[in-house]
Amino acid sequence: MSFLHRHRNLTPYLLLAPGLLYLGIFFVVPLGFLLHQSLQSGNFDVGYAFTWAWGNYWDAIRGYRGHFIRSFEYAAIATVLALLFSYPLAYWIAFRGGRWKNLLLLFIVAPFFVTYLIRTLAWETILADQGPVVRVLRDIGILGQDGRLLATSFAVVAGITYNFLPFMALPIYVSLEQMDGRLIEAAQDLYASKWKAFVRVTLPLSLPGVVAGTLLTFIPAAGDFINAQLLGSPRNHMIGNVIQSKFLELTDYPAAAAMSFVLMAVILLMVALYARAVGTEKLTG
Amino acid sequence: MSTPDVRLVDVTKRFDDVVAVDDLSLDVESGSFFALLGPSGCGKTTTLRMIGGFEQPSEGCIFLGEREVSGLPAYKRDVNTVFQSYALFPHLSVFENVAFGLRRRSVRGETLRGRVEAMLKIVGLAGMGRRKPRQLSGGQQQRVALARALVNKPQVLLLDEPLGALDLKLRKQMQLELKAIQHDVGITFIHVTHDQEEAMTMADRIAVMNDGRIEQLGTPTELYETPATAYVAGFLGVSNLIHGTVSGSDSVRLDRGPEVRVSAAALNGRTGHVAVGIRPEKIELGNGQPNALEGKIVEQAYVGVATQYIVETDCGRLTVYRQNASPGLNGASPGDRTTLSWSPDSSFVVDSMEESE
Ligand SMILES: Nc1ncnc2c1ncn2[C@@H]1O[C@H](COP(=O)(O)OP(=O)(O)OP(=O)(O)O)[C@@H](O)[C@H]1O
Ligand SMILES: [Mg+2]
């Protein structure tokens with residue numbers, strides 16, 4: 001007590017200490033380890049040695065450019081789709097939900113009660129060639145007689161969109177929910193039609209939620225491999241699939257580590273550009 | 001008389017089983033400063049929201065000028081509101097807040113800048129256009145809200161307790177400034193408040209509301225000097241009400257006291273049980289006036305401009321103010337017996353409200 005009194009300015013750091021310690025042990029140390037690994041050469045049988053093997057990075061970029069590009073493409077499309085679905089959903093719950101609000105929110109997070117893997121496997125069944133969706137689409141002629149959904153980029157993007165929708169919807173909901181409804185009345189009082197009031201007041205005030213939602217969706221989606229593995233074919237594989245197989249199947253640890261770093265670097269760069277474009281003010285409200 | 005700017009005809013508003021506004025009719029003259037005064041929950045905000053277009057009446061019509069506006073949405077009415085909570089747009093600068101209505105009406109460029117800056121100057125915020133609302137004090141935010149509404153030169157400006165959040169000193173100052181601004185711009189103001197002093201200071205005409213209805217409508221002087229009901233007498237300032245029975249065309253016999261004279265105009269043909277009202281500052285200590293009551297001073301309080309006495313009489317406790325014209329106290333002190341007297345012309349008569357005592 002008296003120690004804290006004398007060193008009052010230490011208090012914030014002491015409060016931060018557990019979190020910093022956790023981050024240090026479980027984030028920074030493994031990251032350092034990964035960096036070290038990414039510069040090794042050798043193989044599982046003869047062992048790995050640290051040789052400043054920058055070539056790993058070069059191989060990662062040159063050998064898997066297509067996978068990188070596809071990852072960001074899928075992630076971007078899924079993020080946009082999730083935004084288009086989530087915004088009206090969140091808007092409706094926030095402003096029209098009334099006493100059903102909490103129940104409706106529960107529905108949004110309900111998928112989380114089942115693990116990610118099982119949910120995606122369920123989609124595999126739903127979209128399967130013998131499944132009901134494909135049969136109906138074939139019957140009404142939207143799909144050709146041997147057209148399919150599974151193992152297409154459509155299925156992968158749809159899977160990612162579905163799996164990350166709550167991460168988009170919840171932050172948007174929060175930013176809309178905390179908005180003062182009288183501001184919309186004020187806008188209408190000042191000759192703004194319903195639509196103008198939305199564009200000039202509601203939308204700008206919900207931007208922090210939109211920005212948070214797009215980041216929470218795009219970042220994990222770019223590194224995802226489950227959807228491409230279960231719902232796509234090898235032609236739809238993303239960089240996550242490559243990293244996963246190099247780590248767990250081919251035991252090419254240095255190459256996998258180097259790819260992870262490239263992925264991380266590109267995502268960081270994109271987030272930085274995005275934050276600059278929308279203004280960091282939007283991130284903090 | 002010209003057509004009134006705002007006219008409510010038999011307007012009723014029900015929320016489920018709550019009757020918020022009950023068969024209310026009202027004319028507000030063009031260019032006047034009109035106050036809606038009443039206790040919390042009496043329906044002031046609801047009335048204002050119906051004029052603004054945020055609520056639709058359950059029954060009755062509302063006219064703005066010649067035009068019947070039922071069903072017309074808020075953004076199509078030539079009316080602006082200063083909200084109780086200000087409701088400034090937090091993401092816009094002060095300048096853009098004020099420019100909001102003009103931009104919706106396609107005012108652009110130099111005209112826009114000129115009008116916004118002139119208005120900021122009127123409300124004393126010149127040079128603060130680039131700030132965000134959260135960087136302003138409460139009083140400054142209040143002025144932005146006012147400027148944001150006034151800059152559109154609406155036919156009618158609605159103000160819902162705009163001074164409620166300010167401290168007493170600032171509130172007094174803003175009352176006078178608002179009045180001056182209204183005088184300068186010549187727009188009809190409808191001002192909602194539950195503060196009788198504020199309504200009296202600012203308004204040309206006041207409607208005293210109670211339970212969704214108008215109790216009395218008149219100038220501050222009329223309401224104060226000749227309140228029509230005991231409710232109005234009690235709501236505006238302090239008043240002494242003494243019960244009695246009418247005993248002639250200009251006299252009332254007090255229930256537990258002598259017969260007193262009142263003006264025939266004040267009695268206005270009433271018969272039976274009534275209450276005679278006298279304002280505390282119109283009662284003299286001493287027997288200089290025709291109507292007199294004996295009593296004993298039980299309390300004395302010095303309140304600056306006046307000394308307040310509470311005097312116990314057969315007709316109950318009466319409050320008396322005596323102006324502190326000369327230094328020190330006025331001589332009378334608790335325990336003294338005294339005579340109270342007043343002139344017939346400075347009393348008023350209202351229907352007795354025995355049941356509410
Ligand atoms: N949207 C609503 N739904 C249900 N009842 C309402 C609604 N708005 C107002 N009321 C009721 O109508 C009555 C009048 O409310 P109003 O807000 O007009 O009062 P007020 O005179 O403005 O009071 P205050 O001085 O406290 O602001 C109250 O009994 C209130 O509970
Ligand atoms: Mg109110």
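All values reported here derive from a predicted model rather than from experimental measurement. In what follows, every chain begins at residue 1, and chains take the letters A, B, ... in the order their sequences are listed. Note: hydrogens, waters and symmetry copies are ignored here, and every other heavy atom, side chains too, is used.
- Within a 6.0 Å sphere centred on CZ of A/R182, heavy atoms belonging to other residues, nucleotides or ligands number 12 at most.
- The two residues A/L183 and B/A87 come nearest to each other via the heavy atoms CD2-O, 3.4 Å.
- More than 12 heavy atoms of other residues, nucleotides or ligands sit less than 6.0 Å from atom CZ of A/F72.
- Taken to the nearest 0.5 Å, the CG atom of A/D180 stands 13.5 Å off from the OH atom of B/Y86.
- At most 12 non-hydrogen atoms from other residues, nucleotides or ligands lie less than 6.0 angstrom from CG of A/N102.
- Within a 6.0 Å sphere centred on CZ of A/F112, heavy atoms belonging to other residues, nucleotides or ligands number more than 12.
- Within a 6.0 Å radius of CZ in A/F85, no more than 12 heavy atoms belonging to other residues, nucleotides or ligands are found.
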Checklist entry - Going through the distances and angles, do B/F100 and A/D189 end up as a side chain to side chain contact (heavy atoms under 4.5 Å, CB included)? => result CA-CA 10 Å; B/F100 195 93; A/D189 185 68; over 6 Å; no

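- No more than 12 heavy atoms of other residues, nucleotides or ligands lie within 6.0 Å of CZ in B/R67, so this atom counts as exposed by the packing criterion.
- At a threshold of 4.5 Å between non-hydrogen side-chain atoms, the residues A/L207 and B/H91 do not count as touching.
- Note on B/T81, B/D78, B/L88: by heavy-atom pairs under 4.5 Å with chain A, the leading option is B/T81.
- Within residues 39-66 of chain B, the residues having any heavy atom less than 4.5 Å from a heavy atom of chain A are, in residue-number order, B/R49, B/F54.
- Neither the backbone nor the side chain of A/A197 comes within contact range of chain B; no heavy atoms are under 4.5 Å apart.
- Residue-environment remark: CZ (B/R7) stays at or below the threshold of 12 foreign heavy atoms within 6.0 Å.
- Atom CG of A/L205 sits about 8.0 Å away from atom CG of B/L92, to the nearest 0.5 Å.
- Annotation: the span from B/Y75 atom OH to A/K196 atom NZ amounts to 12.0 Å, rounded to 0.5 Å.
- For the atom pair CZ (B/R103) and CZ (A/R200), the distance works out to 8.0 Å, reported to the nearest 0.5 Å.
- Within a 6.0 Å sphere centred on NZ of A/K101, heavy atoms belonging to other residues, nucleotides or ligands number more than 12.
- B/R104 and A/L190 make their closest contact through CG-O, 3.4 Å (heavy atoms, listed as atom of the first residue, atom of the second, distance).
- In this structure, B/R105 satisfies the cation-pi test against A/Y191, with its NZ or CZ atom closer than 6.0 Å to the six-membered ring centre and inside 45 degrees of the ring normal.
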